[in-house]
Amino acid sequence: MAADRLSPSSTSSMASHPTSPTEEPAYVHATPSASPPISTPPTSLGDAASVLSETTKTEQYVEAHDDTPMQHVSDEARAAPDTSTSETRRPARSSRKSVTTYNVQILAGTAIHTPTKYLEKHHKNVVHGSLEDAAKGEVATPPKKKTPRLKSETSAASDPAGEQLAAEAAQAARRRTSTRGTDLRKEALRNLAGAGDSSVDTPSRSHTLVKKTLRRSASTSTLPSATAATSSKRDSEQGYDSAEGQEQKEFQKPKTKLWMKQGLYVGQHRDFDARLSESQNRAKKRAKKNKESGVLPLPLFAGDRLLTEDPREAFRDFKLPFDTYSPLPRKVKVDGWVKLHRNRFIADASALWKRDKQDSSQCYCDPEDGCGEACHNRIMAYECDGTNCRLTAEQCGNRPFAELKKRGKGNRYDYGVEVLETDERGYGVRAMRTFEPHQIIVEYAGEIITQHECERRMKHVYKKDKCYYLMSFDNKMIIDATRGTIARFVNHSCEPNCEMIKWTVGGEPRMALFAGSRGIMTGEELTYDYNFDPFSQKNIQACRCGTESCRGVLGPKPKKLVEERSMASAFIAGTKRKIQDVLGSGRSTSESYGNSPKRLKSYTGNSATTKAKNASAQSEAARERSEKEAVEHSRQIASRENRAMKRSVPPSGSRRSQSAFQRKSDLSFKSTRLTTVSFQRKVSKPGALRGATTSTRMHAALRRPTLALKGKKGIRPYKRPITPIKSSFASVDSEDDASPNITPASLRSASHRRKQITDARDVLRDKSPSCMSENELEGGREGARSRARKAGVGAGAGDVPAFHPAQKRSRSMRGR
Ligand SMILES: C[S@@+](CC[C@H](N)C(=O)[O-])C[C@H]1O[C@@H](n2cnc3c(N)ncnc32)[C@H](O)[C@@H]1O
């Protein structure tokens with residue numbers, strides 16, 4: 001390879017001064033000790049004295065920066081054309097030629113401006129000795145990946161020329177920049193080690209290597225030392241066969257950032273982004289930590305364990321596939337819909353709104369019941385709270401609006417509904433999650449306006465609209481959900497899966513959509529029965545609900561035949577219908593057309609004012625009529641109950657039978673109360689009405705009341721019913737007492753019972769006289785006397801047993 005690189009002149013020079021093939025190059029044999037004297041061979045005759053000189057002559061042997069070693073030889077030959085005569089006195093040309101000497105100034109790039117004294121000084125500092133010694137003494141590099149070594153490693157390590165070259169290069173580099181110099185020196189030493197390996201075979205390699213190093217030191221002053229280290233390492237691994245070709249490529253390569261494997265940033269977290277601030281990096285890290293796990297434990301495999309095992313051990317959050325709860329590909333945006341989350345009174349609606357705080361309810365549920373189906377508040381569609389329920393929020397299961405509020409704070413899947421576009425019915429609403437039967441879904445809220453305001457809006461604001469979002473509410477007000485909740489988009493169906501029910505929350509009425517008895521599956525469209533009265537034929541709309549039992553129009557439900565019903569159900573259904581028809585509040589599914597948006601549309605359409613007035617007058621009259629009927633029905637029911645109780649015979653005075661009777665009579669009383677209440681509610685929930693029916697039946701089955709021996713120690717006293725119930729019973733009692741339904745049979749029965757009561761009183765007096773005060777006794781007697789007088793039954797003081805005042809009512813229910 002060296003021969004290939006010879007210039008023509010050098011070739012001729014070689015030819016004219018052939019060297020013995022057996023003669024090895026001097027630098028191969030040179031030992032460290034021999035190095036200084038022969039390091040500067042003479043370059044001319046006049047310089048012959050310097051051959052034996054002890055001092056080095058770095059200045060005299062100049063090697064062109066880019067020349068090959070063989071070119072030096074030819075230059076030398078040119079510089080001394082007439083030295084052939086003195087060849088005998090001089091060492092053989094071949095031996096001179098083979099000793100390579102370099103100009104350190106040029107190598108260091110300081111040839112022009114460095115004063116000689118520095119150079120001399122520098123030259124003294126040139127490292128001599130074996131490469132290994134130098135490496136050991138000066139470079140304490142951490143253990144590196146071992147480079148593959150060739151067989152000639154030992155001889156290469158002792159190559160003095162290469163050694164010196166490396167040392168000089170290192171010195172030169174050190175002069176430029178301290179850190180960079182260190183790196184270069186290390187690099188040079190490493191390179192040299194590699195170069196030494198192959199120097200036996202290819203002498204020019206060491207020169208190439210030096211050139212490479214120098215070039216780098218001269219031209220790539222900003223290149224990170226790591227680059228050099230890496231490339232040299234690579235070079236040493238690959239060998240130098242292709243060194244020339246690679247050299248060019250390497251220098252043309254664009255600079256890329258190489259990350260330090262050691263030093264200041266060692267061990268730094270990979271997430272650290274140097275472009276961000278500390279706090280931003282921290283925030284990024286935190287966000288990454290909180291990211292939901294994408295792992296999906298499918299219920300198929302993990303669900304059973306999660307559900308059936310002890311939740312404290314097996315519980316962990318898991319994610320359902322997106323499709324499961326979001327089958328819709330995109331979110332529908334509705335133009336012009338202004339969202340409101342709660343009712344807002346408009347104009348004078350607030351002033352006209354009657355806040356009837358009297359209308360309240362109370363429940364006495366146990367924590368075990370958790371205000372379930374039997375909760376009075378639930379049945380009456382009153383939400384439990386701290387004032388009307390003694391359970392805590394966690395224990396109580398009858399706080400739907402509180403639940404809704406909590407859900408509203410969650411994500412859209414907690415909220416659980418979204419708008420969808422239907423084919424023929426405009427927008428609709430669908431579930432994004434499942435809902436349990438009778439679970440609250442969404443509140444129907446909007447602007448609460450007066451009828452007058454409603455007429456104005458219909459006439460001027462909505463006159464060109466096709467859809468109306470008006471619903472009759474309480475206090476003759478209307479909810480206009482044109483600005484309102486998503487519930488306004490819920491469409492009608494003749495087989496609905498939801499119900500619109502009015503509840504009383506904290507004394508205020510509120511309307512909400514509840515799941516029907518079947519519950520709701522994810523993705524189902526939500527519907528309720530508008531059941532509206534179009535009020536005029538021209539406003540009839542075709543129904544496109546597509547169900548089997550579709551009535552064809554958005555009209556009211558057909559009425560069932562009364563004969564088909566049992567007496568009780570006919571009574572309840574009739575009352576319910578009348579109340580709903582007239583009062584127009586409460587359930588709007590099956591309830592009044594008054595709740596229908598269409599109804600409002602109809603009477604506020606053509607000649608809207610007149611029609612509205614007529615309608616309001618008619619509905620007022622009908623409302624009064626129906627209220628009267630409802631009260632009358634209530635009286636009759638209560639009266640029937642009381643008569644039944646009067647007919648029944650109280651058990652004898654054994655404590656067991658007494659408490660059994662106590663329980664039964666409490667139940668019967670409760671059921672009576674529920675029945676009455678359900679009529680009083682005017683607005684009823686189907687569940688509540690069912691409950692009322694059931695309780696009425698239950699009451700019939702328990703018509704064997706006996707005398708309640710209350711006030712006696714150990715017997716649970718009767719709990720006074722709460723306000724509305726109390727008032728209802730007060731009226732029922734008084735009416736009942738004055739009831740014209742007193743027959744000779746009932747009188748006989750009363751007289752018989754009076755005797756029994758007297759006996760029982762005597763028993764009680766003997767056994768526990770201290771359980772009541774004299775006042776209580778007197779009060780009880782007085783109450784009993786007055787009731788007896790009212791009932792037309794002669795009742796002396798002595799005939800009436802002692803009752804706690806709180807028991808007067810219950811006794812009065814069964815008193816005759
Ligand atoms: C309160 S809006 C319901 C939301 C309405 N679909 C929308 O796009 O805004 C009531 C109107 O919806 C339409 N609608 C609702 N249910 C329907 C049904 N089953 N068949 C036909 N039209 C219906 C009627 O035009 C009705 O007046």
Side-chain angles (χ1 to χ4, degrees), residues 328 330-340 343 417-431 441-449 454 457-458 461-473 478-502 511-514 516 524-558 584 587-606 608:
L328 271 198
R330 66 194 169 86
K331 204 177 164 189
V332 176
K333 282 190 179 171
V334 184
D335 292 334
W337 170 36
V338 180
K339 264 190 209 173
L340 285 187
N343 287 326
V417 286
E418 69 180 0
V419 177
L420 87 158
E421 272 173 307
T422 64
D423 292 339
E424 310 180 288
R425 294 162 294 136
Y427 294 114
V429 179
R430 65 159 207 140
I441 298 175
V442 63
E443 183 174 359
Y444 193 103
E447 294 177 326
I448 296 182
I449 53 174
C454 177
R457 288 187 179 191
M458 290 296 292
V461 188
Y462 306 140
K463 64 180 176 190
K464 285 180 186 164
D465 291 2
K466 284 178 185 162
C467 281
Y468 301 91
Y469 306 96
L470 303 157
M471 184 179 283
S472 282
F473 196 42
I478 290 125
I479 303 179
D480 182 357
T482 308
R483 293 174 182 198
T485 59
I486 194 175
R488 74 179 205 145
F489 293 111
V490 180
N491 282 323
H492 160 89
S493 173
C494 299
E495 286 178 27
N497 54 11
C498 298
E499 304 164 322
M500 191 69 82
I501 304 174
K502 189 185 84 173
M511 199 74 89
L513 190 76
F514 288 78
E524 251 186 86
E525 187 189 343
L526 305 178
T527 54
Y528 67 97
D529 192 339
Y530 287 2
N531 192 29
F532 69 56
D533 192 334
F535 208 75
S536 103
Q537 287 297 312
K538 73 173 185 164
N539 286 319
I540 287 177
Q541 280 191 299
C543 178
R544 298 193 187 95
C545 71
T547 58
E548 273 183 18
S549 57
C550 178
R551 301 193 289 271
V553 291
L554 299 185
K557 279 181 184 171
R587 292 178 57 223
S588 54
T589 67
S590 30
E591 37 208 68
S592 64
Y593 50 78
N595 286 340
S596 154
K598 196 63 193 172
R599 175 187 176 239
L600 289 164
K601 179 190 172 186
S602 62
Y603 72 67
T604 48
N606 294 338

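One-based numbering along the sequence shown. In listed order, ligands and their atoms are each counted from 1.
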- [ ] Identify, by atom number and element, the atoms of ligand 1 in contact range of Tyr427, meaning under 4.0 Å from any of its heavy atoms.
- [x] 4 (C), 5 (C), 6 (N), 7 (C), 8 (O)

Open item on the list: Which of the numbered atoms in ligand 1 are under 4.0 angstrom from any heavy atom belonging to Cys543?
Closed with: 19 (N), 20 (N)

Task: Shortest non-hydrogen contact from Ile448 toward Phe473 - done: CD1-CE2, 3.7 Å

Open item on the list: I need the atoms of ligand 1 closer than 4.0 Å to a non-hydrogen atom of Ala542, numbered in the order shown.
Closed with: 20 (N), 21 (C)

Task: Option of least heavy-atom distance to atom 23 (C) of ligand 1 (set: Arg425, Arg488, Met471, His492) - done: Arg425

- [ ] Using a strict cut-off of 4.0 Å, indicate which atoms of ligand 1 neighbour a heavy atom of Gly426.
- [x] 8 (O)

Open item on the list: Looking at Asp529, is its backbone amide N or carbonyl O close enough to the side chain of His492 to form a donor-acceptor pair, meaning the two atoms are under 3.5 Å apart?
Closed with: no

TODO: Answer side chain, backbone, both or neither: which part of Tyr468 comes under 4.0 Å from ligand 1, heavy atoms only.
DONE: backbone

Task: Donor-acceptor side-chain pairing of Tyr444 and Asn343 below 3.5 angstrom - done: no

Task: Under 4.0 Å to a heavy atom of Gln541 - the qualifying atoms of ligand 1, by number - done: 24 (C), 25 (O), 26 (C), 27 (O)

Open item on the list: Using the salt bridge (Lys or Arg N to Asp or Glu O under 4.0 Å) criterion, which residues pair with Glu525? Sequence neighbours excluded.
Closed with: Arg425

Open item on the list: Could you work out, with side-chain contact (heavy atoms from CB on, under 4.5 Å) as the rule, every residue matching Val553, not counting sequence neighbours?
Closed with: Ile540

